[in-house]
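Everything on this sheet refers to the single structure shown next.
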Amino acid sequence: MRVALAAGLSLAALHPGAVPAQEWNSEPALTLAHRAVLRRSGAAADTSLHDYKAQAHGFLFFLGAFGEGFADPPRLIKADQLELEVYWRAPASSKQRVIGWRDRAELPTDINYHRDHLGIVQNNFGAAIRIGEGDEVRDVPHPLSPVGPDAYDFALADTTTIALPEREVRVVALRVRPKRFDLPRIVGTLYLDVATADLVRLTFDFTPRAYLDPQLEDVSVVLDNALWEKHYWLPYRQEIEIRRRATWLDVPARGIIRGRWEIDNYVFNLGLAASWFAGDEITFLPKAERDSFPWAGALSAAIQDVAEPVRQNDLERVRAQAEAIAGRRALTGLKAHRLGVRGVSDLLHANRVEGLAAGAGVVLRGGGERRELRALASYGFGDGRAKGTLTAVDREGRGALEAGVYREVRDVSDWPVIAPLLNSFSSQEFGDDFGDYYLAEGGHLSYRRGIGVRGEWSATVGRESIGSLGIAVAPANGTFRPNPPLGGQGVDLLQLAVQRRSEGFAVRHDLHVEALLEGGRVDGGAMYLRLSGAGHVLVPTGSSRLLVRVQGGVASAGLPPHRAFVLGGRGTLLGEDFRAWGGARMGLVHVEWRAPVPFVSLGVGPYARTPRTLTVAPYVAMGWADRPVAGTPWAATPGARVTLGLAFECFGVLRWEAGYGAETRRVGLAFDVARDFWAIL
């Protein structure tokens, strides 16, 4: 076997930050584009390369992203690992054979991939780009095809030098945009070898007209080539992300297919016969042979190994770069106008201050998702009140300006303690309502801007009035506890917030931090400051994980009752009375050891199965609160309060939890769905 000299590109070096001012269709840009078109057609006719065989190592991840703004990383639903033999014969024949395939489900699913999702991209897509066997994207002209210069504009950008063992390669970024955005085209960046005009790297998104499936939100692609035998730029690393949303109801729930491939072990000029390439491009060994493939390690370890590079080469960067090239033009396939809610509870929910409440909403968009008008309305049959919000957003690059007015029922806590849908059920049926509510009426103006890939800061000014709410209904069983009187005078607000979102799925390390500084002036002259924050850290401990969560805050004198911090019971300290404690200062630390153990896998439908592991999570939580706020029922804790607990999570969705209060010597029990899904319930 011949030894291939390959060098992967430095992704960090080829991810420029802000897009510089671009001179479209300058003479140097067009000259380079035409050289690249000629070089690409010449490479296909290169008589020194007749054929090759290679090995491709791939992962397919099916993910779900949930919650308003999709601020949290997507949840892994299913992972597939594949091993392929890849064959190529001049000028453009391709054959790929799946020789190993294993999978693991984190949640029940019957996802079925298109055949071409199970293989790599050969020939950098050829003359026309096709994805999902033509069901998702079809017949989009490649910018380096013979018709490319007539279909696209080009602009020179950054130049990077890559040191290879045999020579230095200067790579120039050539940005690409369609001459007409109302046609099926790509928007992205070509990275070309300056000396030869070979394609080294290609990153792009599509225009809306390219998407044939109405559920497609967008598709992002990264193709990396490496230099083999000192002469041939051939596939080295590839990534693709396909994001989908529902077509008729705008709920913050997104399905994602993310593929990642690495290609190596090239062997050249084997003398492959043309007959070898007959039939389907991607074929499969019999299942028994695929199942017996000698994998190097466990699938769980392989997923974690690949999750870190996926995070580092985050396709969010590709989308941000494409959006900057496109300007204010839309790069999404979603419909502009849809019915829209933030979650199931916007349609129907119940609590002790509203009774049963029904709602609906609508979303109107322009310029893709850059401009948005969202209206939500609800009516409580118990309290007889109408509520609603009206929000307008204008996005420009990484920034967004938002204005809104609202009349809504809010919980006093900064952080939810139960899935909203489950709280509605427990309130109506058993009289267990895990909220303390007030009515907020007002408006706000906000500006937020992304920091890097995972960070964001925001500033908000607003004015709102706060009203107390009484119990409006009776439960089917039991009785409700009183709702505290939290109403008062109006408040002028200024809020500054910053957050660093979680890394992603299946990573060994994770970090999430959010903080909010609030300044307010209550009618009558009293002013206050309030600082709150939350976060979590995830670190590996062998095959298990250690999770540390923190919440807390501190406020000055003059804090209005509805901005007090609360503590105790479900969601904070099981074994304590629910929200027995609170004040102008509060802190909570939750340390949890999460260990997967084997568990029975159940069939769900003809193709889907539940996960094969159960998570056992012993934990300890410690919290305190002091400086009670006048007019509230919450007292300061007499020292720190400690809970010792044990939780079980199964099917990737459900969590059972028991907590023993060290001071109360009582056991508290809780059942819920995973926190990942709270935002849409």
Residues S94, E281; criterion side-chain hydrogen bond (donor to acceptor under 3.5 Å, both in side chains); working and verdict: CA-CA 6 Å; S94 175; E281 178 184 0; 2.7 Å; yes
Go through F154 and V176 one step at a time and tell me if the side-chain contact (heavy atoms from CB on, under 4.5 Å) criterion holds. CA-CA 5 Å; F154 300 91; V176 179; 3.9 Å; yes
Using the salt bridge (Lys or Arg N to Asp or Glu O under 4.0 Å) rule, take R209 and D182 through it: C-alpha gap first, then chi angles, then the decisive distance, then the call. CA-CA 6 Å; R209 289 295 298 273; D182 60 343; 5.6 Å; no
Going through the distances and angles, do L234 and W88 end up as a side-chain contact (heavy atoms from CB on, under 4.5 Å)? CA-CA 11 Å; L234 297 173; W88 180 88; over 6 Å; no
Kindly determine whether V318 and D205 satisfy side-chain contact (heavy atoms from CB on, under 4.5 Å), including the steps that lead there. CA-CA 8 Å; V318 174; D205 273 24; 4.1 Å; yes
Assess the residue pair I131 and I242 against the criterion (side-chain contact (heavy atoms from CB on, under 4.5 Å)); give the C-alpha distance rounded to whole Å, side-chain angles, the decisive distance to 0.1 Å, and a yes or no. CA-CA 10 Å; I131 295 175; I242 302 167; 4.3 Å; yes
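Of the possible donor and acceptor atoms, none in the side chain of R374 sits under 3.5 Å from a partner among the backbone N and O of T391. Side chain of R407 to backbone of A386: a donor-acceptor contact under 3.5 angstrom is found. Of the possible donor and acceptor atoms, one in the side chain of T207 sits under 3.5 Å from a partner among the backbone N and O of L183. The backbone N or O of D153 lies less than 3.5 Å from no partner atom in the side chain of K179, so there is not a single donor-acceptor pair. The backbone N or O of R319 lies less than 3.5 Å from no partner atom in the side chain of S220, so there is not a single donor-acceptor pair. Under a 3.5 Å cut-off, the side chain of R237 and the backbone N or O of R260 do not form any donor-acceptor pair. At distances below 3.5 Å, at least one donor-acceptor pair connects side-chain atoms of T332 with backbone N or O atoms of E217.
Closest non-hydrogen pair, I120 versus L84, comes out as N-CD2, 4.5 Å. Pairing each heavy atom of R449 with each of G399, the nearest pair is NH1-N, 3.5 Å. Among all heavy-atom pairs drawn from R40 and N124, the shortest one is NH2-O, 3.1 Å. Heavy atoms only, all atoms of each residue included: A56 and I263 are closest at CB-CG1, 4.1 Å. Of all non-hydrogen atoms in R501 and H512, the two that sit nearest each other are CA-ND1, 3.7 Å. Taking every heavy atom of both residues into account, E372 and V363 meet most closely at CG-CG1, 3.9 Å.
Atom CD1 of I256 sits about 9.0 Å away from atom CZ of F62, to the nearest 0.5 Å. If you take CG on L445 and CG on L401, they are separated by 5.5 Å, rounding to the nearest 0.5 Å. A distance of 5.0 Å separates CZ in F284 from CG in L118, rounded to the nearest 0.5 Å. Here F181 contributes atom CZ and R329 contributes atom CZ; the two are 4.5 Å apart, rounded to the nearest 0.5 Å. Taking OG1 of T389 as the start and CG of D346 as the end, the distance is 8.0 Å to the nearest 0.5 Å. Note that CG of D264 and OH of Y236 are 8.5 Å apart. Values are rounded to the nearest 0.5 Å.
Annotation: side chain of P235 is in contact with side chain of N225 (closest heavy-atom distance under 4.5 Å). Contact annotation: the side chain of L32 never approaches that of L190 to less than 4.5 Å [non-hydrogen atoms, C-beta and beyond]. Side-chain contact check for L156 versus L174: some heavy-atom pair is nearer than 4.5 Å. Side-chain atoms of E262 and Q55, non-hydrogen and from C-beta on, never get closer than 4.5 Å to each other. With a 4.5 Å cut-off on side-chain heavy atoms, T189 and I325 count as touching. Contact of the F206 side chain with the P178 side chain is not registered, since no non-hydrogen atoms from C-beta on lie closer than 4.5 Å. I111 places none of its side-chain heavy atoms less than 4.5 Å from the side chain of I77. F204 has its side chain out of reach of V187: every pair of non-hydrogen atoms, C-beta onward, lies at least 4.5 Å apart.
Under the rule for a side-chain hydrogen bond (donor to acceptor under 3.5 Å, both in side chains), R170 has no partner lying at least two apart in sequence or in another chain. Residues forming a ring pair (Phe, Tyr, Trp, His ring centres under 6.0 Å) with Y406 (at least two apart in sequence, or on another chain): none. T196 is linked by a side-chain hydrogen bond (donor to acceptor under 3.5 Å, both in side chains) to D193, D198, counting only residues two or more places apart in sequence or in another chain. Evaluation of the ring pair (Phe, Tyr, Trp, His ring centres under 6.0 Å) rule for H444 yields no partner, not counting sequence neighbours.
Identified under the salt bridge (charged side-chain N to carboxylate O under 4.0 Å, His left out) test for residues 79-89, with sequence neighbours left out: K78-D80, E85-R97. Identified under the salt bridge (charged side-chain N to carboxylate O under 4.0 Å, His left out) test for residues 126-148, with sequence neighbours left out: E136-R244.
Ring pair W24/Y152: centre-to-centre distance not below 6.0 Å.
Ring pair H114/H117 is perpendicular by interplanar angle, where above 60° counts as perpendicular and below 30° as parallel. Using bins of under 30°, 30° to 60° and over 60° for the plane-to-plane angle, the ring pair W276/Y87 lands in the perpendicular bin.
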